[in-house]
Amino acid sequence: MRVVSGIQTTGNLHLGNYLGAIKQWVAMQDAMQPGDDCLFFLADLHALTVTQDPKELADNTIGMAATLLAAGIDPDRSILFNQARVPAHSELCWLLMGTARMGWLNRMTQWKDKAGKNREGASAGLFTYPVLQAADILAYKATHVPVGEDQKQHLELARDIATKFNTDTGVELFPLPDPLISAAAPRIMSLRDGTAKMSKSDPSDMSRINLIDDDDTIAAKFRKARTDADPLPDSFDALEGRAEARNLVTIYAALADQKPQAVVEQFAGQGFGTFKPALADLAVTVLGPIRDRLNGLLTDRDSVSAALAKGAGKATALAAPTLRSAQEALGLQV
């Protein structure tokens, strides 16, 4: 089993990023058996599809790597790197450009959403980046790729590209990767609006728990989180229509590694005057050590960069034979 997954190089990560993605990566790493591989990369090449400030991009890449390390990704058990350090991603992407079809890319939902009415002004990279995503996966002959609902179409495209390349060249080079969907990954919503996803772009800092927040700030944000006046029921299904209450229960369950139903049974009949402090204490217990490790790593940029370089070396060694085989299949090794 070889799992490959990437994450955008954004700054100011929050609780939603941790519970929705990073915590799942750590669980995958811990579940791997001898002989299995986990490759986690920072998608700094994908970031170039829109205009970037070079210093900010570099800082965000280091910051994301530091966050993953602080949260439990072990560079001795997983392969952690940023795309730009492994040329095989870009090289294989160009080879696969000849396989991908314009019609396939033109149907991509995210292209339509991100380009909007300004398609003529959008970068070519924004249109073709799904081919780079396919290269990210196929370079390592991944067997499984963790995907959310918004990425299923991209994995389907990678499978289509792999199938066509194999058929066109007559070489069974690329296996077809399967989706890895974790039912445990929760959708974390804003603390101020239970119908909106927790986001760093929300103008209110009170809407989110930042991974660098101190203990008092975490407690204050949960204390002031929007709720309703009703007590918690004894059934999670009974929270339908109570978006803010449902969100806080979901957060508690994810932090405690419990089912939401178990949480409401524990606090059934109690109001948020009791539940919020308990949630704040739990969050501080879980997030505090991560924050402390993160702050330490952010002051030691060289060690984070060294971890990425180490992972890039391993990733390059894994991808090199696949890239060479693809070149040979296309007649490029003479």
Around atom CZ of R324, are there more than 12 heavy atoms of other residues, nucleotides or ligands at under 6.0 Å?
-> no
State whether the side chain of T67 and the backbone N or O of G63 hold a donor-acceptor pair below 3.5 Å, judged by distance alone.
-> yes
Does a side-chain heavy-atom distance below 4.5 Å link N247 with R187?
-> no
Donor-acceptor contact present, side-chain S123 to main-chain T49, <3.5 Å = yes
Looking at CG of D215 and CG of L287, how far apart are the two atoms once the value is rounded to the nearest 0.5 Å?
-> 9.5 Å
D292 CG to L297 CG distance, which is reported to the nearest 0.5 Å = 11.0 Å
For side-chain hydrogen bond (donor to acceptor under 3.5 Å, both in side chains), just list the numbers for S78 and Q29, CA-CA rounded to whole Å, side-chain angles, deciding distance to a tenth of an Å, and then say yes or no.
-> CA-CA 7 Å; S78 296; Q29 167 192 270; 2.9 Å; yes
Exam field: side chain Q24 to backbone L19, donor-acceptor pair closer than 3.5 Å = yes
Indicate whether the side chain of Q153 and that of T109 have a donor and an acceptor atom separated by less than 3.5 Å.
-> yes
Of all pairs that satisfy salt bridge (charged side-chain N to carboxylate O under 4.0 Å, His left out), the ones with a partner from residues 80-109, not counting sequence neighbours = none
4.5 Å side-chain heavy-atom contact, L68 and I22 | yes
Among residues two or more places apart or on two chains, list those pairs meeting ring pair (Phe, Tyr, Trp, His ring centres under 6.0 Å) that have a residue in residues 44-68.
-> H46-Y129
Side-chain contact test, heavy atoms from C-beta onward, threshold under 4.5 Å: evaluate it for R301 versus D59 and give yes or no.
-> yes
So, the side chain of K221 versus the backbone of R208: is there a donor-acceptor pair under 3.5 Å, distance only?
-> yes
In sequence, state the C-alpha distance, the side-chain angles, and the governing distance for T143 and V3, and then conclude on side-chain contact (heavy atoms from CB on, under 4.5 Å).
-> CA-CA 6 Å; T143 61; V3 176; 5.5 Å; no
Would you indicate whether the side-chain heavy atoms of F127 and M108 approach each other to under 4.5 Å?
-> no
T250 side-chain N/O to R246 backbone N/O, donor-acceptor pair under 3.5 Å | yes
Under a 4.5 Å side-chain heavy-atom rule over Ile, Leu, Val, Met, Phe, Trp and Tyr, are L13 and I209 clustered together?
-> yes
Quick one: list whatever passes side chain to side chain contact (heavy atoms under 4.5 Å, CB included) with A245, sequence neighbours left out.
-> D228, L239, R242, F272
R291 with D214: basic N within carboxylate O range, under 4.0 Å = no
Can you check whether L15 reaches L255 side chain to side chain, under 4.5 Å on heavy atoms?
-> yes
Donor on one side chain, acceptor on other, D237 and S235, under 3.5 Å = no
The single option from T316, N82, D136 passing side-chain hydrogen bond (donor to acceptor under 3.5 Å, both in side chains) against H89 | D136
Pair up each side-chain donor or acceptor in residues 34-42 with any protein partner under 3.5 Å, not counting sequence neighbours, and list the distances.
residue: D36; atom: OD1; partner: M1; partner atom: N; Å: 3.2
residue: D36; atom: OD2; partner: Q33; partner atom: N; Å: 3.0
residue: D37; atom: OD2; partner: R2; partner atom: NE; Å: 3.2
residue: D37; atom: OD2; partner: R2; partner atom: NH2; Å: 3.0

Cluster overlap Y140 with I73, hydrophobic side-chain contacts below 4.5 Å = no
Ring pair (Phe, Tyr, Trp, His ring centres under 6.0 Å) partners of H14, counting only residues at least two apart = none
Are K141 and T322 close enough that some pair of their side-chain heavy atoms sits under 4.5 Å apart?
-> yes
Qualifying residues under side chain to side chain contact (heavy atoms under 4.5 Å, CB included), relative to A122, sequence neighbours excluded = W111, A115, L126
Rounded to the nearest 0.5 Å, what's the gap from CD on E244 to CG on L191? Could you check?
-> 10.0 Å
Do the side chain of Q261 and the main chain of F236 share a donor and acceptor less than 3.5 angstrom apart?
-> yes
Passing candidate, side-chain hydrogen bond (donor to acceptor under 3.5 Å, both in side chains) with K164, options D160, T167, D168, N166 = D168
Evaluate whether atom CG of D234 has more than 12 neighbouring non-hydrogen atoms of other residues, nucleotides or ligands under 6.0 angstrom away.
-> no
For residues 277-334, which residue pairs qualify under ring pair (Phe, Tyr, Trp, His ring centres under 6.0 Å), counting only residues two or more places apart or in two chains?
-> none
How many angstroms lie between CG in L294 and CG in L69, if you round to the nearest 0.5 Å?
-> 9.5 Å
Please check if L92 and M97 belong to a single hydrophobic cluster, counting links between Ile, Leu, Val, Met, Phe, Trp and Tyr side chain heavy atoms closer than 4.5 Å.
-> yes
Does V4 belong to the same Ile/Leu/Val/Met/Phe/Trp/Tyr cluster as L173, with side-chain heavy atoms less than 4.5 Å apart forming each link?
-> no
Can you run down the salt bridge (charged side-chain N to carboxylate O under 4.0 Å, His left out) pairs that involve residues 256-274, sequence neighbours left out, and say none if there aren't any?
-> K23-D257
Residue pair L318 / I79, side-chain heavy-atom distance below 4.5 Å = yes
In the hydrophobic cluster built from side-chain contacts under 4.5 Å, what are the other members alongside L57?
-> L45, L48, L132
Count the heavy atoms belonging to other residues, nucleotides or ligands that lie under 6.0 Å from CG of L282, then report whether that count exceeds 12.
-> yes
Can you sort out the partners of E56 under side-chain hydrogen bond (donor to acceptor under 3.5 Å, both in side chains), two or more places apart, ordered by chain and number?
-> none
Taking distance alone, no hydrogens or angles, what donor-acceptor pairs closer than 3.5 Å link side-chain atoms of residues 273-281 to residues at least two apart or in another chain?
residue: K276; atom: NZ; partner: R223; partner atom: O; Å: 3.1
residue: K276; atom: NZ; partner: A225; partner atom: O; Å: 2.6

Separation between CG (L308) and CG (D44), nearest 0.5 Å, reads 9.0 Å
In short, salt bridge (charged side-chain N to carboxylate O under 4.0 Å, His left out) pairs touching residues 67-76 with sequence neighbours left out are D74-R77, D76-K310
Residue pair V249 / F267, side-chain heavy-atom distance below 4.5 Å | no
Is it the case that one hydrophobic cluster holds both I62 and Y18, taking links as side-chain heavy atoms less than 4.5 Å apart, direct or via other members?
-> yes
Please check if atom CD in Q52 has more than 12 non-hydrogen atoms from other residues, nucleotides or ligands closer than 6.0 Å.
-> yes
To the nearest 0.5 Å, how far apart are OG in S199 and CD1 in I188?
-> 13.5 Å
CA sep, side-chain torsions, deciding dist, call: D202, R192, salt bridge (charged side-chain N to carboxylate O under 4.0 Å, His left out) | CA-CA 10 Å; D202 191 309; R192 308 304 297 166; over 6 Å; no
